[in-house]
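One structure is given below, encoded as structure tokens.
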Number of protein chains: 2
Amino acid sequence: MTRKRFDDLGCSVACALNEVGDWWSLLVIKQAMLGTRRYGDFQKSLGIAKNILCDRLSRLVENGVMTRVDVGEHGTRYEYRLTEKGRDLFAVVVALRQWSERWNGSKDSMQLVERDGGEAIAQVVVQNAAGEALSVRDVLFVDENGEPLEQAG
Amino acid sequence: MTRKRFDDLGCSVACALNEVGDWWSLLVIKQAMLGTRRYGDFQKSLGIAKNILCDRLSRLVENGVMTRVDVGEHGTRYEYRLTEKGRDLFAVVVALRQWSERWNGSKDSMQLVERDGGEAIAQVVVQNAAGEALSVRDVLFVDENGEPLEQAG
DNA sequence: TCATTTGGTTTTTTAATGCAACCATTTCGC
DNA sequence: GCGAAATGGTTGCATTAAAAAACCAAATGA
């Protein structure tokens with residue numbers, strides 16, 4: 001059965017998942033953030049099947065998350081690079097990483113540090129305009145009429 | 001073919017995707033953050049098939065992201081609520097929302113505002129300890145030996 | 001030149017998805 | 001108290017996507 005499309009759910013999260021919500025896309029993007037650019041390198045580092053990788057890279061390029069750059073002299077050597085849109089998923093990837101480490105204690109083989117100085121980066125949090133951290137309980141979802149919805153704990 | 005497990009990739013992002021990386025899980029969690037608690041309400045608001053919803057809710061409960069609370073008097077009325085672990089995905093969900101709105105202009109029917117005051121919340125970003133925003137280019141991935149890896153742009 | 005790398009496509013098998021029908025309690029309307 | 005509806009599922013079936021491996025053509029590399 002053809003996968004359900006999330007476009008028309010009127011939900012931006014659903015819309016985002018439509019582009020990067022499958023099993024592999026975010027891993028490809030994360031790998032690209034690690035510096036991987038070549039088809040073969042993605043394949044080896046992720047252990048992804050080649051046909052699936054082809055499909056995912058094509059879709060990411062289609063959606064403007066990555067670009068395919070011809071780097072060979074005769075048109076058969078390519079690099080896949082993140083676009084600005086792709087790089088902008090940084091917060092999502094890091095938030096996922098940190099969540100996993102907090103709750104599953106999954107020690108990644110990689111650690112993320114600031115380039116200048118090598119210090120660890122901060123936890124990704126939702127903030128208000130003043131920079132104060134907000135939890136789910138501190139926010140309200142309002143509809144187009146400004147009508148608030150109750151929310152879960 | 002049994003879906004590839006991401007546990008052993010030595011990657012915390014992969015590990016996170018193992019728990020909430022399928023098409024529906026994050027949407028269920030987002031819906032729970034909106035206040036939905038009942039099986040039937042999830043089903044109606046998301047338009048998800050009932051068997052898939054059952055499976056996802058079970059897995060989320062198994063993984064400690066949600067709990068199933070008996071709320072009826074005679075044991076047939078339940079509520080699914082986010083646990084602390086589930087609520088902690090707030091940053092991930094909001095980051096995805098914002099990314100989608102920035103790049104796809106997907107106007108969600110819901111808007112997220114601060115409970116006290118009703119002001120819009122800030123963009124979710126990666127920060128250093130001093131609270132300065134960091135992009136992919138500002139960080140370095142180092143392995144367990146402290147050895148840095150080059151990274152993509 | 002001849003093997004190897006690179007970036008795929010094809011084929012086959014297996015698992016997941018979506019849909020609809022069904023079912024046992026429980027609650028609601030009256 | 002009784003019938004109807006809601007609630008929270010389970011089952012079976014048709015379709016699709018994923019995984020693995022084989023294959024392939026062009027371009028390097030030794």
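Proteins come first, then strands; the chains are lettered A, B, ... in the order of their sequence lines, and each starts at number 1. Everything quoted here is computed from the prediction, not taken from an experiment.
Each of A:Arg56 and B:Arg38 has a nearest nucleotide on DNA chain D; the 5'-most of these lies closest to B:Arg38.
For the residue pair A:Trp23 and B:Asn18, the shortest heavy atom distance occurs at CZ3-CA, 4.3 Å. B:Phe42 and B:Val28 get closest at one heavy-atom pair: CE2-O, 3.4 Å. Among all heavy-atom pairs drawn from B:Val20 and B:Leu60, the shortest one is CG1-CD2, 4.3 Å.
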(message) Let's test your reading of the pairing rules: Watson-Crick or G-U wobble, both distances under 3.5 Å, then write DNA chain D as a dot-bracket string with ( ), [ ], | and dots.
(response) ||||||||||||||||||||||||||||||
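The side chain of B:Tyr39 has D:dT10 as its nearest neighbour among C:dG8, D:dT10, C:dC19. You'll find that the side chain of B:Trp24 is closest to C:dG18, out of C:dG18, D:dA19, D:dG8. Side-chain proximity of B:Lys50 to D:dA19, D:dG9, C:dG8: nearest is D:dG9. Distance from the side chain of B:Cys54 is smallest to D:dG9 among C:dG8, C:dG18, D:dG9.
Atom CG of B:Leu27 is separated from atom P of C:dG18 by 11 Å (rounded to the nearest Å). Summarising the geometry, the separation between CD1 on B:Ile48 and P on C:dG18 is reported as 7 Å, rounded to the nearest angstrom. In this structure, the CD1 atom of B:Ile52 is 15 Å from the P atom of D:dT16, given to the nearest Å. Look at CD on B:Glu79: it is 18 Å from P on C:dT26, rounded to the nearest Å. To the nearest angstrom, P of D:dT7 lies 8 Å from CG of B:Asp41. One can place CD of B:Gln43 at 12 Å from P of C:dG18, the figure rounded to the nearest angstrom. Here D:dA25 presents its C1' atom at 13 Å from CZ of A:Arg77, a figure rounded to the nearest Å. Protein atom CG of B:Leu17 is 14 Å distant from nucleotide atom P of D:dA18, rounded to whole Å.
Between C:dG18 and B:Trp23, no contact under 4.0 Å exists linking OP1 or OP2 to a side-chain N or O. Dashed line: the shortest gap from a side-chain N or O of B:Arg37 to OP1 or OP2 of D:dT7 is not under 4.0 Å.
With sequence neighbours left out, the side chain to side chain donor-acceptor pair (under 3.5 Å) criterion links B:Glu19 to A:Asn104, B:Lys85. Under the side chain to side chain donor-acceptor pair (under 3.5 Å) criterion, A:Glu132 pairs with A:Asn128, sequence neighbours left out.
Among the protein residues, B:Asn51 comes within range of the nucleic acid bases, having at least one heavy atom under 4.0 Å from a base atom. Among the heavy atoms of the strands lying under 4.0 Å from B:Tyr80 are primed sugar atoms or P, OP1, OP2 only; no base atom is included.
The aromatic rings of B:Tyr39 and B:Tyr80 lie tilted to each other, with the angle between the two planes from 30° to 60°.
Just one residue in the list B:Asp88, B:Thr83, B:Asn63 forms a side chain to side chain donor-acceptor pair (under 3.5 Å) with A:Trp103, and that residue is B:Asp88.
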